[in-house]
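Heads up, the thing below is written out as structure tokens.
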Protein chains: 2
Amino acid sequence: MEKRATIKDVAEAAGVGVATVSRVLSGGSASPRTRERVLAVAAQLDYRPSALGRNLRQRRTGGMGLLVPDLTDTFYAQFAEGVLACARSAGEPVVLGSTGGDPEQEAELIGMLLEQSVDRLIAVPSGDEDTWAPAVRAGMTVVFADRLPARPFSEDDDPAAAAVNDLMLLDGLAAPPPAAHRPPELPSVLADDRAGIRTAVRYLRGLGHRRIAFLGGPGHDRRVAAFREAVGAPVDEELVVFGTGSRDSAYAAASGLFQSRPDLSAVVAGGNVLGEAAVLAARELDLRVPRDVSLVMYDDVPWAELCSPPLTVIAQPGRDMGYRAAELVLRSGGRRARSVVLPTELIIRGSCGPHR
Amino acid sequence: MEKRATIKDVAEAAGVGVATVSRVLSGGSASPRTRERVLAVAAQLDYRPSALGRNLRQRRTGGMGLLVPDLTDTFYAQFAEGVLACARSAGEPVVLGSTGGDPEQEAELIGMLLEQSVDRLIAVPSGDEDTWAPAVRAGMTVVFADRLPARPFSEDDDPAAAAVNDLMLLDGLAAPPPAAHRPPELPSVLADDRAGIRTAVRYLRGLGHRRIAFLGGPGHDRRVAAFREAVGAPVDEELVVFGTGSRDSAYAAASGLFQSRPDLSAVVAGGNVLGEAAVLAARELDLRVPRDVSLVMYDDVPWAELCSPPLTVIAQPGRDMGYRAAELVLRSGGRRARSVVLPTELIIRGSCGPHR
DNA sequence: AACCATGATGGAATCGTTTCCATGGAGAAG
DNA sequence: CTTCTCCATGGAAACGATTCCATCATGGTT
């Protein structure tokens with residue numbers, strides 16, 4: 001339990017002032033002669049500047065926060081790995097929180113990060129914009145990933161319209177809404193849900209499917225909107241069902257869907273937890289995939305190949321998304337960073353067949 | 001971007017000294033009268049003490065570090081969720097690092113945590129005891145989970161014997177080795193690998209299997225030792241193969257095993273990544289599970305049920321292990337905490353059949 | 001020769017908290 | 001009434017870094 005050398009120790013041992021040591025170590029100006037000596041002494045004392053002192057002085061903690069709903073959702077695990085990879089190569093710490101998809105826990109974690117003076121945050125948001133207001137007000141650099149926070153409810157605001165609006169924004173087709181009082185859009189890293197869903201729906205259509213269901217979870221607003229758009233015409237509302245995020249509720253939703261609508265012939269699962277539930281529920285009800293029902297799952301995960309038949313999926317680059325998000329939040333020391341939309345890919349395996 | 005109120009602001013507004021404010025907020029003694037006023041003012045100013053100042057003063061960062069090899073390994077994701085759950089309920093931050101199973105990266109991350117003055121660390125170690133020496137020397141409270149760091153190589157030290165030794169320790173059957181110069185054992189949270197493997201091997205034996213292979217990964221020393229012990233007699237060394245931790249190498253190991261020893265009738269996979277590889281390799285080689293080969297996988301993960309047939313697994317309570325580890329590292333503010341060994345459970349599904 | 005610009009250097013202030021210590025007042029015991 | 005004790009209280013010193021600013025030396029210019 002030896003105590004670490006401080007900058008003062010180095011200064012004394014090198015016969016210089018602490019200011020000089022600090023400058024040498026952080027790349028300020030110094031004569032080659034002193035620089036060399038300071039460096040030598042620092043190495044010899046095994047000196048490592050304490051982040052504590054620095055953080056206090058600069059009134060900010062280095063590194064970044066990372067908030068995801070659930071690490072056991074493989075997509076978020078991949079995403080987190082991407083963030084960690086970038087942070088590691090930058091030598092920055094990552095403070096992780098898992099929200100369980102609960103806005104309240106999310107708010108608490110934001111509070112905790114504020115207390116820690118973590119001023120950079122990557123988040124897969126669960127709460128709405130009100131939840132995020134404190135973070136933004138405190139001047140945090142926030143990068144959202146995978147989804148955007150919902151708008152808080154207000155009577156002149158229609159959630160469905162809002163989601164469609166987000167889609168339009170992605171395409172640059174529409175100007176931002178009359179954002180007079182709304183906070184400026186924060187940078188984000190999203191997958192191209194619209195194209196992904198559209199491709200999947202078209203693929204199923206091409207196989208002859210007409211009654212296609214969507215199995216969604218929290219935060220899948222944009223995906224549902226894209227689904228509605230891709231299906232076109234009035235969507236059969238019974239074919240759009242939601243789970244709350246837990247595996248149990250996903251299973252219940254899937255099972256309920258299959259039972260209430262035996263006439264459906266294809267399902268698009270909005271995420272891998274939903275996909276898992278769909279496979280399980282189908283098996284439980286003796287529905288054969290893809291003979292009785294075709295299945296496309298959002299997210300490519302290692303176990304998609306293990307199923308039999310292996311699952312046809314809409315792959316989004318989880319790891320890349322994480323890496324990009326971390327880059328954004330680090331680099332954007334300047335100002336507003338541009339948002340990023342990454343492409344998805346339909347990977348055809350064996351869980352979709354022709355409509356019978 | 002408002003700036004936060006400091007303790008000084010509160011002191012002035014309440015007409016008391018900063019020391020008093022600090023005492024009130026951290027539960028020291030104060031007259032009810034002032035306590036009330038300070039609390040009121042603090043609430044009104046929305047004051048939250050900055051962790052920065054406190055950390056510097058106490059020369060330590062709160063919270064804990066968490067080092068795992070790979071979050072996309074579902075077991076580690078479950079484990080991390082457990083740690084996060086405990087940390088969240090304690091209001092403590094968690095600094096996460098993913099080592100990729102690489103001792104070098106692990107060492108770097110330890111260095112980073114040291115720099116941050118994080119003095120509590122939960123780790124699934126990849127490096128050996130030498131890798132961990134700096135952390136211990138610096139006085140960190142370290143809790144290992146899932147496995148223990150390997151002993152560094154020395155000629156009078158036999159790794160196999162060491163692993164067996166660890167097993168004995170678990171049972172409390174043997175006194176610790178002559179640890180004269182060895183650091184004292186650190187607290188840890190482990191699953192009862194020995195019993196788990198033993199149960200699985202006996203189960204396979206009971207089904208008539210005689211040529212049982214073990215498919216291991218890094219850090220599975222204790223599991224291999226348990227396997228050897230459970231199989232008894234001289235083990236056919238060709239039936240014990242290892243991957244390096246990546247999915248590719250796991251697949252290669254599994255595939256190689258199946259090809260080189262078509263006579264084997266059962267496989268115990270030492271972890272879920274290995275199990276995944278085994279399923280994939282078996283399918284690729286047209287081996288039917290469980291007709292041609294029976295499979296037991298260490299780790300219960302949601303997708304084990306999705307396989308067809310669903311996988312028979314040795315479940316270890318990943319989430320609980322994480323929660324317990326976090327409790328240990330937090331509560332053991334005192335001194336050496338006792339290690340914990342949690343039970344495993346053989347969950348019989350459909351991947352094992354009688355030997356033909 | 002006097003002066004100025006430049007660059008290296010160290011002292012000291014600062015960040016926000018906790019904690020040590022001295023002070024002062026009130027109540028109890030003599 | 002005096003003295004002793006105890007407790008609430010506030011001032012000030014840490015903690016370890018960064019950074020402002022004044023100082024000093026050096027070398028070039030007029």
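Naming convention: chains lettered A, B, ... in sequence-line order (proteins, then strands); numbering from 1 in each chain.
The interatomic distance linking L25(B) (CG) with dT19(C) (C1') rounds to 15 Å, in whole Å. If you take CG of N55(B) and C1' of dC15(C), they are 13 Å apart, rounded to a whole angstrom. Atom NZ of K8(B) is separated from atom P of dT18(C) by 16 Å (rounded to the nearest Å). Here the C1' atom of nucleotide dC15(C) and the CD atom of Q116(A) are 16 Å apart, to the nearest Å.
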Could you run through nucleotides 6-16 of chain D and give me one letter per nucleotide, 5' to 3': B if any protein heavy atom sits under 4.0 Å from the base, S if only the sugar-phosphate is that close, - if neither? --SBBBBBBBB

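Residues in residues 28-40 of chain B take part in these side chain to side chain donor-acceptor pair (under 3.5 Å) pairs, two or more places apart or across chains: S31(B)-T34(B). For the salt bridge (Lys or Arg N to Asp or Glu O under 4.0 Å) condition, no pair includes a residue of residues 102-113 of chain B, sequence neighbours left out. Annotation: ring pair (Phe, Tyr, Trp, His ring centres under 6.0 Å) contacts involving residues 81-124 of chain A, sequence neighbours excluded, are absent. Sorted by first and then second residue, the side chain to side chain donor-acceptor pair (under 3.5 Å) pairs involving residues 46-66 of chain B (not counting sequence neighbours) are E115(A)-R48(B), R60(B)-D119(B).
Partners of F144(A) by ring-ring contact (aromatic ring centres under 6.0 Å, His included), not counting sequence neighbours, listed by chain and number: W132(A). With sequence neighbours left out, P218(B) forms a side-chain contact (heavy atoms from CB on, under 4.5 Å) with no residue at all. For A325(A), the side-chain contact (heavy atoms from CB on, under 4.5 Å) partners two or more places apart in sequence, or in a different chain, are F79(A), I122(A), V143(A), V189(A).
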Show the distances under 3.5 angstrom between N or O atoms of the protein and N or O atoms of nucleotides 23-28 of chain D.
none

Distance-only criterion, 3.5 Å: show the donor-acceptor pairs between side-chain atoms of residues 5-23 of chain A and protein atoms not counting sequence neighbours.
| unit_1 | atom_1 | unit_2 | atom_2 | d |
| --- | --- | --- | --- | --- |
| T6(A) | OG1 | K8(A) | N | 3.1 |
| T6(A) | OG1 | D9(A) | N | 3.4 |
| D9(A) | OD2 | T6(A) | N | 2.8 |

Result block: side-chain N/O donor-acceptor pairs under 3.5 angstrom for residues 84-98 of chain B, not counting sequence neighbours:
| unit_1 | atom_1 | unit_2 | atom_2 | d |
| --- | --- | --- | --- | --- |
| R88(B) | NE | S98(A) | O | 3.4 |
| R88(B) | NE | Q105(A) | OE1 | 3.2 |
| R88(B) | NH1 | Q105(A) | OE1 | 2.8 |
| R88(B) | NH2 | S98(A) | O | 2.8 |
| S89(B) | OG | C86(B) | O | 2.9 |
| E92(B) | OE1 | G63(B) | N | 2.9 |
| S98(B) | OG | E81(A) | OE1 | 3.2 |
| S98(B) | OG | E81(A) | OE2 | 2.8 |
| S98(B) | OG | P69(B) | O | 3.4 |

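Comparing the end axes of the helix from dA1(C)-dT30(D) to dG30(C)-dC1(D), each fitted to five base pairs by superposing C1' atoms of four pairs onto the next four, gives an inter-axis angle of 60° (nearest 10 degrees).
In this structure, CG on L186(A) lies 10.5 Å from CG on L121(A), to the nearest 0.5 angstrom.
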